[in-house]
Protein chains: 2
Amino acid sequence: MGRLSTVRDDQVFSVVGARLAGDGAITLQTVVDDTGVSVGSLYHRYGSREALLALTWLDAVRAFQTCFLTALESGGDDAGERAALATPRFCRSDHQRAIVLSCCRPAEFFSPATPQHLQKEISNVNKAAAAAIRRYAKCSGYSLEACRLGLIAFPLGAVRLYLPARPVPQALDEYISAAFWSAVETG
Amino acid sequence: MGRLSTVRDDQVFSVVGARLAGDGAITLQTVVDDTGVSVGSLYHRYGSREALLALTWLDAVRAFQTCFLTALESGGDDAGERAALATPRFCRSDHQRAIVLSCCRPAEFFSPATPQHLQKEISNVNKAAAAAIRRYAKCSGYSLEACRLGLIAFPLGAVRLYLPARPVPQALDEYISAAFWSAVETG
DNA sequence: CCTTTACTAGAATATTTGTTCTAGTATATG
DNA sequence: CATATACTAGAACAAATATTCTAGTAAAGG
């Protein structure tokens with residue numbers, strides 16, 4: 001019902017991510033130039049600049065969490081290790097979205113001006129991940145801090161050595177696995 | 001010779017860092033409001049917004065490198081481990097500068113508009129650190145990638161779990177040490 | 001086919017933001 | 001004290017940016 005978009009949402013989000021990898025300045029003008037979508041269209045579709053940024057972040061974080069939570073909740077003794085490796089794998093399979101997640105502070109995407117319903121969604125997404133990590137900690141017996149470090153902090157720190165400019169090398173996985181086990185064995 | 005500043009440079013840099021920890025938007029207006037220094041003063045002292053941002057970053061990175069390089073080049077079998085721990089220690093001793101280093105992409109501080117001489121200085125500072133890490137890799141026999149991960153990536157990833165809002169807990173050091181050794185033993 | 005609906009287009013507007021400018025102030029040095 | 005020097009102050013200006021508005025276009029459903 002109604003006219004169809006000439007440029008898909010994910011193409012718009014991708015352009016926003018690409019800008020972040022560059023000079024990092026995201027103005028509506030840059031989005032217009034890079035996508036070919038007019039200002040009027042952007043406002044019709046997303047409502048505001050803040051909403052567009054929040055949607056870009058949500059799109060990226062949902063894609064990542066699908067990979068991460070699937071691994072973490074798959075069971076088995078190496079579920080944690082596979083979840084830790086979800087980060088470098090995601091960077092290789094979805095570079096553009098990985099840039100959004102790895103190169104940005106939340107403050108770049110969310111502000112008091114972000115629409116309420118998006119703030120709510122963002123909050124929910126974050127809570128879901130935090131809850132999954134808590135569950136994993138409880139089941140595995142590892143400390144919560146060790147899990148946060150081994151599952152998130154170390155893998156993220158590692159890929160940030162390469163992103164946004166260079167691809168994440170396969171060789172990184174071995175280090176990330178080792179760091180994961182070092183964390184859970186320490187705590 | 002001449003009148004003295006009522007607000008010191010490091011106080012101005014500190015305010016810029018504090019903003020980054022908040023909503024992240026650094027406009028001259030926010031700097032004026034937070035420091036009480038007028039726009040005219042800021043331009044007289046720093047020349048441009050870009051210069052102020054670059055100086056803020058340089059101030060922070062120099063302070064960190066003093067700690068980091070001292071540890072790394074002190075010799076001994078645990079020089080690497082102490083250099084890795086320089087990151088959490090720095091975060092505890094100099095929270096404001098740590099925020100500048102840990103919470104920001106370079107693109108937020110440098111642009112084509114950054115004055116030439118500051119771009120040069122920034123380049124030199126980065127080269128000095130990279131060279132020190134290469135030397136350490138050569139002396140220790142560890143791979144360069146392992147050193148970059150163990151000395152920089154893992155410690156930085158770890159402290160980012162807490163910054164900018166919360167203090168970096170002492171307990172983190174044990175995990176960072178373990179991650180450092182896991183890296184150099186893997187590579 | 002006609003209507004409804006969602007999308008497109010870009011000029012116009014209002015706001016924010018960086019920069020410049022002129023006048024004035026305080027301090028070190030001779 | 002006199003003067004050069006660096007800093008302070010904030011209004012005025014120019015540029016960039018977000019947002020609104022009106023008119024028009026394409027596709028789906030009755």
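Chain letters run A, B, ... following the sequence lines, proteins first and then strands; every chain starts at 1.
- Using a 4.0 Å cut-off, no side-chain N or O of R3(A) falls inside it from OP1 or OP2 of dT5(C).
- Following rounding to the nearest Å, L52(A) (CG) and dT19(D) (P) show an atom-to-atom distance of 11 Å.
- Checking S38(A) against G40(B), the closest nucleotide of DNA chain C that is more toward the 5' end is the one next to S38(A).
- Nucleic acid contact for S5(A): sugar-phosphate only, since backbone atoms but no base atoms lie under 4.0 Å from a heavy atom of the residue.
- To the nearest angstrom, P of dT8(D) lies 8 Å from NE2 of H44(B).
- As judged by a 4.0 angstrom heavy-atom cut-off over every strand, L28(A) is placed among the base-contacting residues.
- Summarising the geometry, the separation between CD on Q29(A) and P on dA18(D) is reported as 9 Å, rounded to the nearest angstrom.
- Side chains of T114(A) and Q119(A): a donor-acceptor N/O pair is absent below 3.5 angstrom, by distance only.
- Whole-Å rounding puts the Y43(B) OH to dT20(C) C1' distance at 9 Å.
- Across the protein-nucleic acid pair, D33(A) atom CG and dT17(D) atom P stand 11 Å apart, rounded to whole Å.
- Using the six-membered ring where Trp is involved, F110(A) and W57(A) have ring planes that are perpendicular, over 60° apart on the 30 and 60° scheme.
- Donor-acceptor pairing under 3.5 Å is recorded for the side chains of E50(A) and S111(A).
- Base-pairing analysis of DNA chain D finds the following stems of at least three consecutive Watson-Crick or G-U pairs, with both pairing distances under 3.5 Å: C:1-30 with D:1-30.
- Side-chain atoms of V39(B) lie closest to dG10(D) of the nucleotides dG10(D), dA18(D), dC7(D).
- Ring orientation note: the planes of F154(B) and F154(A) are tilted relative to one another, at an angle of 30° to 60°.
- You'll find that the side chain of L4(A) is closest to dA28(D), out of dT19(C), dG18(C), dA28(D).
- S143(A) and Y175(B) share a donor-acceptor pair across their side chains, judged by distance under 3.5 Å alone.
- Between Y46(B) and F13(B), the angle of the ring planes lies from 30° to 60°, which puts this pair in the tilted group.
- Nearer to the 5' terminus of DNA chain D, by closest-nucleotide assignment, is the contact made by T6(B) (compared with the other of A25(A) and T6(B)).
- Using a 4.0 Å heavy-atom criterion, one finds that G47(B) contacts no nucleic acid atom at all.
- For L42(A) and dT17(D), the CG to C1' distance is 14 Å, given to the nearest whole Å.
- Within the structure, every side-chain polar atom (N or O) of R45(A) is placed at least 4.0 Å from both OP1 and OP2 of dC7(C).
- E50(B) has its CD atom 15 Å from the P atom of dT17(C), to the nearest Å.
- Salt bridge D173(A)/R92(A): present, at least one basic N to carboxylate O contact under 4.0 Å.
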